[in-house]
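Step one of this worksheet: look at the structure below.
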Amino acid sequence: MRSQAELRQPGVLELNSSVCNLLCCAVGCHGDELSIAVNPQNVCQPVQTPDAESPQSSRASGSGVSDYDYLDLDKMSLYSEADSGYGSYGGFASAPTTPCQKSPNGVRVFPPAVPPPPSQHHLLQHPGSLPPIPRNSCITCPQCHRSLILDDRGLRGFPKNRVLEGVVDRYQQSKAAALKCQLCEKSPKEASVMCEQCDVFYCDPCRLRCHPPRGPLAKHRLVPPAQGRISRRTSPRKISTCTEHELENLSMYCVQCKMPVCYQCLEEGKHSTHEVKALGAMWKLHKGQLSLALNILSDRATEAKEFLVQLRNMVQHIQPADAPGRPLVTSGWGTLKENGVEFEACLVAQCDALIDALNRRKAQLLSRVNKEHEHKLKVVRDQISHCTVKLRQTTGLMEYCLEVIKENDPSGFLQISDALIRRVHMTEGQWGKGTLTPRMTSDFDLTLDSGPLLQTIHQLDFVQMKVPSTVPAAPMLQLEECCTQNNSATLSWKQPPLSTITVDGYILELDDGNGGQFREVYVGTETICTVDGLHFNSTYKSRVKAFNTSGVSLYSKTLVMQTSEIAWFTFDPASAHPDIMFSNENFTVTCNSYDDRVVMGNTGFSRGVHYWEMSVDRYDNHPDPAFGVARGDVLKDVMLGKDDKAWAMYVDNNRSWFMHNNSHTNRTDGGIGKGTTVGVLLDFTRGILIFLINDEQQGPIAFEGMEGLFYPAISLNRNVQVTLHTGLPIPEFYTPSDPNPPGSVC
């Protein structure tokens, strides 16, 4: 297809469609044959040698010129004096002609032996008129060098290039000025309407005279000229007819001849024994092949653009110091001084950048120390509060027991003694399970490792740039192959097209998803890597660099990726207690033991807002399963929440409690049964954990200060079976920014 610049050439758009013919089967021959075919200035005249002259006399008439191999005439491009791009010659079977001469571009030209009459000097006397062509004349494509014999119809014997006709027509319609009335006899006026039924443009006087709004014409639809132009452009084209049988429509495609044919061609013509296929099917097939080829070509064009950018960058680097636009002092000492000042300024800027980076890192480290300080204070104060409450309860129990011991009534004493003994033992047991051990030390377990940085600063030095660098070029991330799925990211990269330096491996780096420092996640020779275990609903920055024995390349461009906002996960058989039984692709769990056993999800959370549900499929003998979250090292053989690694809600058929580190709080009415749905809402933006039963919040906010990495977890025994449901939206009643969600007040 020709570009608009080519369609603007003189004479291209002025010709009628009769000259838009296919010169050869290879219409895609790149070059100028399409523009030549429609340019009246470049159409040459066929050459015919008189019949009276024999090949021998013709060959003998040439003096001092070697014979020409006329058997190869069909492989040549013959040029006219106007150098049109194609030529014609007559009777190549007998090949009588004069010795060849050179055209300005070096292509051989066969001049006519007898000048043609003046009236037939050109094929195109005016657009649309073609003079008769001598019999046995042929024409050659300048690109594929294929020769075709012209019959009595001349150029009209070639099939019309309807694609080029459509291109020219659309170009004319898009660039045409105001549409003119088609019925004005002299100096047509500008059209005001178009009749869709008549397909005619009218000015106002002609519309009133020839298309009055009465009778049958009153039902016709008149539209503005611009809209009529669009409707003409979008209207389906007429069905093409066969060039051999003008009354037959083209309906089949000859595979051998590679051309559309009609049914009469199949019955009577030369295509009767050829393989044919449906025209529509071949049209779709060839369109698909062309689209595929264009996609491949588009990729090559993209690579070529990148290649050109690299070449331009090379030109800028190769450009000397005295190139235009760069000042240069004529004195050698002046030039040296100017370069020294420039270099010194660059060095100062680089050192200032290092100092700024160190100051920013210092601020980040101080912020981390402050957070650690606040965390320690909070943990110690919480433990003080917890121990104070327990001590007050223990003291009260002791005073009560002392008063009971003073009782002299044996029967009354024995009536409550067993219960008091059990209660005392239970209280004593609660004090013995790590309660009197500090949960947090006063020391800060943080040590600043500044040794590598100091060593790097001491090694900071200049690099000699005169030696050609053998360090690899910066890799290029292939954006079309990089993607994220759930909390995983896949990245792909390649070396630049111009790079010829050997690469030993690559280093892939990601930040923490929160604008922090980059860290290495992969080192190896592969050019594609999938990173798992990322934070949900987080934005990660990634980059890659190459290395070899000479050093490390620059980083590639930074790619920003967004992980999934909603989590999809299952129960994890690898970390579960051995008594846990899995089914339904690890979405359903139960237990083969009467004791409580813990199972966790296979995905951890540390950022964002997450919600999942567990439906109770079986509930026998009123057990009390526990639902919640846990650390990775939680105890698996006790109820969830018994240790300090889990935060849970355990519930029976009537009521529920919150439990962490064996501390039971917030008894709430409302239990579970078969078919009940338990929801868990973990909001890291506010650091809280909320539980729901059948879409209603159960009790107040269960736990606050939730920080770190948590896994969904549940503890159950053989009397319970639950099914996990993930990828759920946040409940409608809850807004993450709402400081007091419904039901949060005790």
Donor-acceptor pair, side chain of [X] and main chain of [Y], under 3.5 angstrom:
{"X": "Asp512", "Y": "Asn514", "result": "yes"}
{"X": "Arg618", "Y": "Val722", "result": "no"}
{"X": "Asn586", "Y": "Phe582", "result": "no"}
{"X": "Thr388", "Y": "Ile384", "result": "yes"}
{"X": "Thr676", "Y": "Lys674", "result": "no"}
{"X": "Asp624", "Y": "Tyr650", "result": "no"}
{"X": "Thr490", "Y": "Cys482", "result": "no"}
{"X": "Asp683", "Y": "Thr685", "result": "yes"}
{"X": "Thr723", "Y": "Thr588", "result": "no"}
{"X": "Asp652", "Y": "Arg655", "result": "yes"}

Check Phe627, Phe710, Phe605, Trp568 against Trp612 for a ring pair (Phe, Tyr, Trp, His ring centres under 6.0 Å) and give me the one that passes.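 Filter result, single survivor: Phe605.
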
Leu692 vs Pro731 side-chain heavy atoms within contact, under 4.5 Å: yes

Could you tell me whether the side chain of Tyr619 reaches within less than 4.5 Å of the side chain of Pro625, counting heavy atoms only?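 In contact.
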
Hey, is Asp382 close enough to Lys378 for a salt bridge, meaning N to O under 4.0 Å?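 Yes.
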
Using a cut-off of 6.0 Å, state whether more than 12 heavy atoms not belonging to His622 lie near its atom NE2.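 Count not over threshold, so no.
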
Look at atom NZ of Lys494 and say whether more than 12 heavy atoms of other residues, nucleotides or ligands are closer to it than 6.0 Å.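 Correct, the count exceeds 12.
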
Separation of Arg392 CZ from Leu397 CG (nearest 0.5 Å):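 One gets 14.5 Å once the value is rounded to the nearest 0.5 Å.
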
Rounded to the nearest 0.5 angstrom, the OG-OH distance for Ser553 and Tyr506 is 9.0 Å

Test of understanding: with side chain to side chain donor-acceptor pair (under 3.5 Å), list the residues that count as partners of Tyr711, not counting sequence neighbours. none

Enumerate the residue pairs fulfilling side chain to side chain donor-acceptor pair (under 3.5 Å) with a member in residues 569-581, sequence neighbours excluded, ordered by first and then second residue.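 Every side chain to side chain donor-acceptor pair (under 3.5 Å) pair that includes a residue of residues 569-581, provided the two are not neighbours, is Thr570-Asn602, Asp572-Ser575, His577-Arg597, Asp579-Arg597.
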
Applying side-chain contact (heavy atoms from CB on, under 4.5 Å), run through Val609 and Leu682 and close with a yes or a no. CA-CA 6 Å; Val609 183; Leu682 180 59; over 6 Å; no

Geometric cation-pi criterion Arg718 and Tyr594, 6.0 Å radius, 45° cone: yes

